[in-house]
*Asks:* 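The following block contains the structure, expressed as structure tokens.
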2 protein chains.
Amino acid sequence: MNDLSETRSPSSSVGDYLKAVWELAVDSGGTASTKGVAARLSVSPASVSNMFARLQEMGLVRYERYRGATLTERGREEALRLVRRHRLIETFLLEHLGYDWQEVHDEAERLEHAVSDGFTERLAELLGHPDHDPHGDPIPSAEGSLEVDDSMALSQVVAGRRVRISKVRDEDAAMLDYLGDRNLVPGRWLRVREVRELDGVVVVEDEEAEVYALGDPLARSIFVRND
Amino acid sequence: MNDLSETRSPSSSVGDYLKAVWELAVDSGGTASTKGVAARLSVSPASVSNMFARLQEMGLVRYERYRGATLTERGREEALRLVRRHRLIETFLLEHLGYDWQEVHDEAERLEHAVSDGFTERLAELLGHPDHDPHGDPIPSAEGSLEVDDSMALSQVVAGRRVRISKVRDEDAAMLDYLGDRNLVPGRWLRVREVRELDGVVVVEDEEAEVYALGDPLARSIFVRND
DNA sequence: ATATAAGATTAGGCAGGGCTAAACTCAATA
DNA sequence: TATTGAGTTTAGCCCTGCCTAATCTTATAT
Ligand SMILES: [Mn+2]
Ligand SMILES: [Mn+2]
Ligand SMILES: [Mn+2]
Ligand SMILES: [Mn+2]
């Protein structure tokens, strides 16, 4: 298949850098900055400059001094391979091992580098080949394709719409728990009653006619699709 | 040296060295040789000398130049922690992910370093707190105690005895598969018909009166208990 | 008691990944 | 257009782990 699986698999550091570039490049025109990656991985900017050069050397990234790094096709494949593992592992931890949201991410962050392709696919089998993880992030296919994301933040919906929760941000575990407790999870339908410019509060009504006033941070943690 | 090194968990290399010392020290009066560890881990003797010094520095091993290394209490604890993880993971791979013996060990060898204590205990829970892995090796308790092994190789049993298989060596996957196919697995009873000095062949009869003539390598891969 | 070889250690390297401090770029201002 | 500071890179260093070659030690056999 790809050249990486035939050669030696990249270290966990390399993988985490690739994922960071992938995640940051989404909303930055394909390019990730030194500073952004440094912040994301809690390393110094100097370390990132160094790694960018090495990643380019390995053919995983295109890199121009002072201009940031862009994933090559091979780099993207490797990043998505890790994202697939990460999300499948998170699903397993939540559904089979009784983890809660606080704990899931760190564990997956380490395990994603230790499991083999064989493990990953058997795990997918065990889980019934899910295409989304429990909070709604799409799971890349084994072949490396990823669903295009056409959802929008709840804070950007026009009032009156009926929408369906497609995912919730997994960055803040406390918010995840809050939303989980209220069953504001992927798959649920909401009626948007009000989107208040003034303070960013979004008022929604759920399937049981329960009404919630969600502050801006929460409203931006919930992603929905029209229709 | 500082208190941080006390807290930070050992790298996977350190852990594998500790396990190697533990495994080799069993039948060497508590001490593992440079050469033995080097062979076991497929590294050069020079690397082992170097690591022995570092392990002593970390308080995990007692080391005398030219004399080999012995685990300290802390070293033993760490080794057993890894052995526990390793055996629980192997059990999971075999019973829940449909692995066969060929593949199990390598995967566990990597995963044992990536999982947390929390993961390990939840996995134990999922598996029903097994005290032996599928081929009969005892699983150390979470507190670090390990069953004393009073079993003997089938090749050392006196003819006529009725014995019970307690474990099978997991070093050679082909033998494991051979024994598994014939249901010569932990828990089974055998009647020892003959132990032939000449060629080391051991003839046994199983519960279904099936008779097997096992060559020396196989006979030494099967461990049994009297009673 | 001594020679010898197996085993072990030292010496000297190298690559991967980190760090801090100092120097440099470049884009946005004044 | 000149200045300036945020962002980046470079320089120089550190630690982990691994290697080969050269040099011991030690146990054993003479
Ligand atoms: Mn996730
Ligand atoms: Mn990771
Ligand atoms: Mn085992
Ligand atoms: Mn290991």
Side-chain angles (χ1 to χ4, degrees), chain A residues 4 7-21 24-25 28-29 31-70 75 78 82 109-110 112-114, chain B residues 1-21 24-25 28-29 31-70 75 78 82 109-110 113-114:
Chain A
L4 287 176
T7 338
R8 189 176 58 267
S9 76
S11 72
S12 60
S13 279
V14 166
D16 283 338
Y17 275 91
L18 293 176
K19 277 202 314 171
V21 171
L24 294 171
S28 314
T31 287
S33 68
T34 300
K35 196 196 180 200
V37 172
R40 179 127 247 204
L41 298 181
S42 302
V43 295
S44 71
S47 298
V48 178
S49 284
N50 185 260
M51 183 61 94
F52 276 180
R54 288 176 50 215
L55 293 176
Q56 175 155 62
E57 182 69 24
M58 296 183 242
L60 298 169
V61 121
R62 238 160 289 113
Y63 168 49
E64 252 179 296
R65 291 194 310 313
Y66 294 99
R67 294 261 115 107
T70 314
E78 180 58 21
L82 282 172
E109 199 58 55
R110 274 176 287 110
E112 63 188 359
H113 309 288
Chain B
M1 210 175 194
N2 55 50
D3 291 79
L4 282 176
S5 60
E6 234 90 62
T7 1
R8 192 174 58 259
S9 76
S11 72
S12 60
S13 278
V14 165
D16 283 338
Y17 276 90
L18 292 176
K19 277 203 311 172
V21 171
L24 294 171
S28 314
T31 288
S33 68
T34 301
K35 197 198 180 198
V37 172
R40 177 125 230 172
L41 299 181
S42 302
V43 296
S44 71
S47 298
V48 177
S49 286
N50 186 261
M51 184 60 95
F52 276 0
R54 287 177 49 214
L55 292 177
Q56 174 155 63
E57 182 70 23
M58 296 183 241
L60 297 169
V61 123
R62 239 161 288 113
Y63 168 48
E64 251 179 297
R65 291 195 313 314
Y66 294 100
R67 294 262 114 110
T70 314
E78 180 58 21
L82 283 173
E109 200 57 54
R110 274 176 287 109
H113 308 288

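Proteins get letters first, then strands, A, B, ... in listed order; numbering begins at 1 in each.
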*Asks:* Pairing donors with acceptors under 3.5 angstrom, does anything connect the side chains of B/Ser28 and B/Thr31?
*Replies:*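 No pair is found: no donor N or O on one side chain lies under 3.5 Å from an acceptor on the other.
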*Asks:* From CG of B/Asp16 over to C1' of D/dT16, roughly how many Å is that when rounded to an integer?
*Replies:* 15 Å
*Asks:* Sugar-phosphate means primed atoms, P, OP1 and OP2; the rest is base. With that split, encode nucleotides 6-16 of chain C 5' to 3' as B, S or - using protein heavy atoms under 4.0 Å.
*Replies:* -BSBB-----S
*Asks:* Quick one: B/Met51 CE to D/dC15 C1', roughly how many Å, whole number?
*Replies:*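 It works out to 12 Å between those atoms.
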*Asks:* Between OH of A/Tyr63 and CG of A/Leu55, what distance do you get to the nearest 0.5 Å?
*Replies:* 10.5 Å
*Asks:* Is the phosphate of C/dC19, meaning OP1 or OP2, less than 4.0 Å from a side-chain N or O of A/Ser44?
*Replies:*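 It does, given that an N or O in the side chain of A/Ser44 lies less than 4.0 Å from OP1 or OP2 of C/dC19.
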*Asks:* Go through the structure and list residues passing salt bridge (Lys or Arg N to Asp or Glu O under 4.0 Å) with B/Arg62, not counting sequence neighbours.
*Replies:* none
*Asks:* Compare all side-chain heavy atoms of B/Val48 with those of B/Tyr17 and state whether any distance is below 4.5 angstrom.
*Replies:* yes
*Asks:* So does A/Lys19 pair up with A/Glu78, basic N to acidic O under 4.0 Å?
*Replies:*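 No.
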